[in-house]
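Just so it is clear, the structure is predicted and the values come from calculations on it, not from any experiment.
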Amino acid sequence: MRREIPLLITAITGIVFVLQYFIPHAPFNKMNTWFSDWFSIVGAFAIWLGALNLLKISFQKIMDKKSDWFFALVIIISFFVITIIGFAEGQGFREPGTTFSWLYDYVYSPLSATMFAILAFFVASASYRAFRARNFEATLLLLSAFFVMLGRVPVGDIITGFLPQQYQLSQVASWIMTFPQTAGQRAIMIGIALGLVSTSLRIILGIERSHLGGGD
Amino acid sequence: MRLLIHTTLFLSVFIFIGSSRIFSVEPSPQVQADTLVNTADTVGVSVAPVTSLLVDDYKYDNGEQLNLSWVPSIDDQLIDGKVSVYRVYRITNDSTRELIAELPPGSNSFTDKNLNRHDTYRYIVAAVSASDDEVLSTTTEPVQPQREWINFRRGYLFLLALIIGGAVIYYIQSARRGKKLFVRKIAGLEAVDEAIGRATEMGRPILYIPGILDMDDVQTLAAITILGRVAHQIADYDTKIRMPVSRSLVMTAARETIKTAYQTAGRPDQYSDDMVSYVTDEQFGYVAAVDGIMVREKPATVFLLGAFFAESLILAETGNSIGAIQIAGTARPAQLPFFIAACDFTLIGEELFAASAYLSGEPKALGSLKGQDVGKAIAMIVILVGVIAVTIGNAWDVKFMNDVKDMLTTIFSTQ
Amino acid sequence: MEHVAVWIAAFLTLGIISFLYKDNPWYKLSEAIFVGISAGYWFVVLFWDNIYGKFWVGVFPPDVVDEAGNFVSHGVPDYALIVGAVLGVLMLARLLPGVGWISRWPLAFIVGCTSGLYLMNYFSSNIMRQVQGTIIPLFGIGYGASVYEIIGNIVIVGGTFAGLVYFFFSKEHRGAFGATAKVGIWVIMITFGASFGYTVMSRMSLLIGRIDFLFGDWLGLIK
Amino acid sequence: MSSTTRIRELAVVILILVISVIVYIGKIQGWNNGLMFSPAVSLTVVIVIFLLLLYILLRTLQGHLIGRRTVFLFVGLAVVLPFFMTLTLKFRVSPEVQQLYDALSELQPGSKVLVSFDYDPPSAPELQPMAVAFLRYCLSHDLKVIIIGLWPQGPQQANLALEDALKSKEVAAKKPEYGVDYVNLGFQVGNEFVIQRMGTDFKSMFPKDYSGTVYDDLPLVRNVKNFSNIDYSFNLSAGYPGTQEWVQVAVDRYGLKMGAGNTAVQAPMMYTYLNAGQLVGLLGGMNGAAEFELVTNEIGKGTKFMLSQSFAHMIVIAFIIIGNVAYFKSGRKKKL
């Protein structure tokens, strides 16, 4: 039973969503409404699970006096600071002027934005130290990157200002994006989508069950 | 057996739907308003009314829409048109008429949405002149929107989904029955042996990074499958392996995989749990740790297989700077460029899954790979035939070719 | 307060940037704060939006009142939502030893929903519509395309076709088939080059945004 | 690590802190009014950077790769310095931006435009300029704007963008009124499920707007039942859920007309949707924003940042070239 019930749940929900696509009314539209509401609620608990797991790991680090225990403590403290404030401030926790939104604006946003911003530096260093035209394929990749990067900013047209307009870099970049780039993306997209479709089908039919843990 | 039951269940539902097509209600006949009886009641008529006002049911919906069509007023001309706007009125269940839409000159149809299929509706369309004089058309006969059980607009979509889905299931079944399914050679895979050999010769370790997602991601699963093969060879050659991971579940799975490989090679004593270590769940914390390992231990070979995000280029760069042979693979298109430019071999997108199916020989993996190939073959054939048809049809105006093209575009439309 | 706020933001921003020099306590502190705050942020947001906003308000709806605040009618509760909450609570069973297996039920539900939805969505938009979109005329008398577009169309059709050939695993890449696959990988490489360029563009833009904050909002050096 | 390096590092940190305190006090006291280089200085800076790059090329050719930190320093300079330069750059509008604008400008006054804000502050440098420019165009051309968000932070970004857009002279002249000319319906959980249910009923997904007003009390949306009442839609997207989900559900199932503004990371993929006619136009990354500002004749942040963006791209390209020149010169040795 431990295996059959989950498989049945997956099969029913999956089939309802597929049928809803072809039969857009009762009873499938109602079931669709229910399922999508439940989905949001369960999804919230699933993310809670992640947060609780993080707390568990951090507590363990402190208990075991691992070398990084101080930072584990910081994780726990900052977690509790924002959750307590968020719960205390009630449903309007997000409105401008609340402490929660202050934390969001001056702590969360700068941190998450900077996390991604520093990648700019690593891109440059990797470009210098590792990105080599080691074979024909890599050469094509770098050439296309070269045209796109230059063509998408004003400098490109300044450098190629002596050429007729339709051969200037901005036009070349546009051409690459609109034609070969689109073709490649489309081939990849169709491939990935086929993979998703077959995986979804396997899951709904109960052939794939690795998400439930363990093999057959 | 269970698969059979599932498939039958799935198919029988489809057959049920398919058969209900036979019993679906025939659309109600079009109701034509009597255009001869003109009920224009306004004084100072300045434009002619619209004529032939028709209302009919909108097909394949939940009984919520009606289509209106009419012939525009003869005073509605492109040049010097006298009609400034058309107003559509609706009378629900014999109540008073209400304005539901204003349409620009030149309009000749309207779809009224959000209706109730238990109510009856009548319509009037008014042509309005620049001086805001309204001329009404006749009122249509009362009509009820019809509900259709199945959206047959999507029939072809359903059929194609069935073909490709059927192919996946068919190939999985035949693989289970022991049929050999052919998968082509994959370039990156052949480099694996060579890379392991190199590490053995140099007496330096192999570093294996399985991405940063958990075991519920297919890419991580593929990485662990490939690890199985790598581990066998390592056990044979007695090469060292280092595998820092960022998820505890991945750690457990990887340890089991390597342990099994050592047992099969007859050297269980050589295996140690230290080969796989959990570092941290945090993305950049993990990267910093792996960077440190690379710089300190200078592995001869680095595997980067699995789900990677922004850290891909940092890892690939560091691996490159220590002169290691790097074999990478991920299904995330945004990270692939970094791998291709900085690594020696890269498994691109689906190649990662193909590689793992090839190595593991699992029926479900091989079977779906085949099923997907059927999908690709259909896509290729349709593109080829469609493009030839549309080009020839266009250039020499060949009716047959145009028909072929129209048929294909209809089949592949989703609306 | 505003001064404190902008200084805290700047302190944390510089803390992350200091990772460029090397892994150091300032960075580790900023990172730990980030990890804690972001986990807590989602914890709170999901509680109020999903669990309170969707479940609680749905099952215990407030009374309907008119503009003056007078009672009009009781809200209509939607008891079906309780199923969702039960599934959600079962999800947390994973944290407890012994009953962890029951968390497979909600997991199975989530996986079923996404599979069912993805199956049709990806099939129609990312396969069917893409194939349909590739059926374009290459050239012709009745087709008023410029040379630029004709070459482009040939590239789109040929490129998509060759790309699909490359990802076709049931046939060895030999002869004409192999040559087509070769062209396919070239097109894919051009695609990756373009997306590499765009990724660089994106990362640089984000950095520019942070620099704008540091030198503009914080230090006031940018006009 | 020796204690002297630690002391040195600490000294640098303190130095940076002291300088920033002084500059900050300067900002409050009004001593510094922003820094601007004269054209001559700007030119000198550019030449110096160029010479330094040449030096790096020479070093690399001799077989010495310069360290990561030096590269980082160059990127920093390339991004920071242009902020203080006075150079104006001309650029051209690409076809996908033009298409988006054309479809927008064909709308009759009074048309209803749905704008979905699906991003958070980290992506704001790319998407916020697009949002501001788009709202400014709509509000100054009598298009009615309905705002929603599938990311919890989206509606907040929308309010910031509205604030900026309302400052523009053309918009202020129209005196747009909340609830009549524009409305912010707020955030709703459920990702693509929200889009799917909006296909049948907006009100069930957004019973109240961002500030708690009941749906039917908002004149703008009172008669909006579902996507069939929307004339045009614009999606600002930084990931999931985003443009892909909107295309799959709203466009392909319900026939919504849609344009999109994306971060540059995911923009390339959207070209396939653009080509298949599932999108009417596309703004990609900060340069997409700048081009849209150009086509709508309003200079905003996108345009202002273009100089830094150009320099940053040049630096990356310069480094790729230097690395590869050395690689080929050295006979393709692995280490280079």
Atom [atom1] of [X]: over 12 foreign heavy atoms under 6.0 Å:
X: F309(B); atom1: CZ; answer: yes
X: Y358(B); atom1: OH; answer: no
X: Y156(B); atom1: OH; answer: no
X: F182(B); atom1: CZ; answer: yes
X: F353(B); atom1: CZ; answer: yes

Is it the backbone or the side chain of [X] that comes under 4.5 Å from a heavy atom of chain C, or both, or neither?
X: A341(B); value: neither
X: I340(B); value: side chain
X: F338(B); value: side chain
X: I348(B); value: both

[atom1]-[atom2] distance between [X] and [Y], expressed to the nearest 0.5 angstrom:
X: I383(B); Y: T160(C); atom1: CD1; atom2: OG1; result: 5.5 Å
X: I136(C); Y: K405(B); atom1: CD1; atom2: NZ; result: 11.0 Å
X: F177(C); Y: R184(B); atom1: CZ; atom2: CZ; result: 8.5 Å
X: I381(B); Y: L164(C); atom1: CD1; atom2: CG; result: 11.5 Å

Are the side chains of [X] and [Y] in touch, meaning some heavy atoms are under 4.5 Å apart?
X: Q372(B); Y: F169(C); result: no
X: K185(B); Y: E172(C); result: yes
X: F167(C); Y: K376(B); result: yes

Interchain contact, [X] with chain B, by part (heavy-atom threshold 4.5 Å):
X: S170(C); answer: both
X: Y27(C); answer: side chain
X: I185(C); answer: side chain
X: E31(C); answer: side chain

### Task
Report the C-alpha separation of Y166(C) and E351(B) in whole Å, then their side-chain angles, then the decisive distance to 0.1 Å, and conclude whether the side-chain hydrogen bond (donor to acceptor under 3.5 Å, both in side chains) test is met.
CA-CA 10 Å; Y166(C) 180 80; E351(B) 283 184 319; 2.6 Å; yes
Partner chain B: residue of [options] with the largest heavy-atom pair count (under 4.5 Å):
options: F196(C), F34(C), F19(C); answer: F196(C)
options: M120(C), K171(C), M128(C); answer: M128(C)
options: R203(C), M189(C), K28(C), Q130(C); answer: M189(C)

query: So, Q132(C) side chain and T409(B) main chain: donor-acceptor pair closer than 3.5 Å or not?
result: yes
The side-chain contact (heavy atoms from CB on, under 4.5 Å) partner of L138(C) among V390(B), V387(B), I392(B), I388(B) is V387(B)
From the list V165(C), V131(C), T180(C), side-chain contact (heavy atoms from CB on, under 4.5 Å) with M380(B) holds only for V165(C)
Checked A161(B), A310(B), A377(B) vs chain C; the most non-hydrogen pairs under 4.5 Å come from A161(B)
Checked L313(B), L408(B), L160(B) vs chain C; the most non-hydrogen pairs under 4.5 Å come from L160(B)
If every non-hydrogen atom of [X] is compared with every non-hydrogen atom of [Y], which pair is closest and at what distance?
X: T391(B); Y: P137(C); result: OG1-CA, 3.8 Å
X: A334(B); Y: T199(C); result: O-OG1, 4.5 Å
X: P337(B); Y: S195(C); result: CG-OG, 3.6 Å

ask   = Honestly, is R154(B) close enough over F123(C), meaning NZ or CZ under 6.0 Å from the six-membered ring centre and within 45° of the axis?
value = no
For residues 6-18 of chain C, the side chain to side chain donor-acceptor pair (under 3.5 Å) pairs (sequence neighbours left out) are T13(C)-R210(C), S18(C)-N24(C)
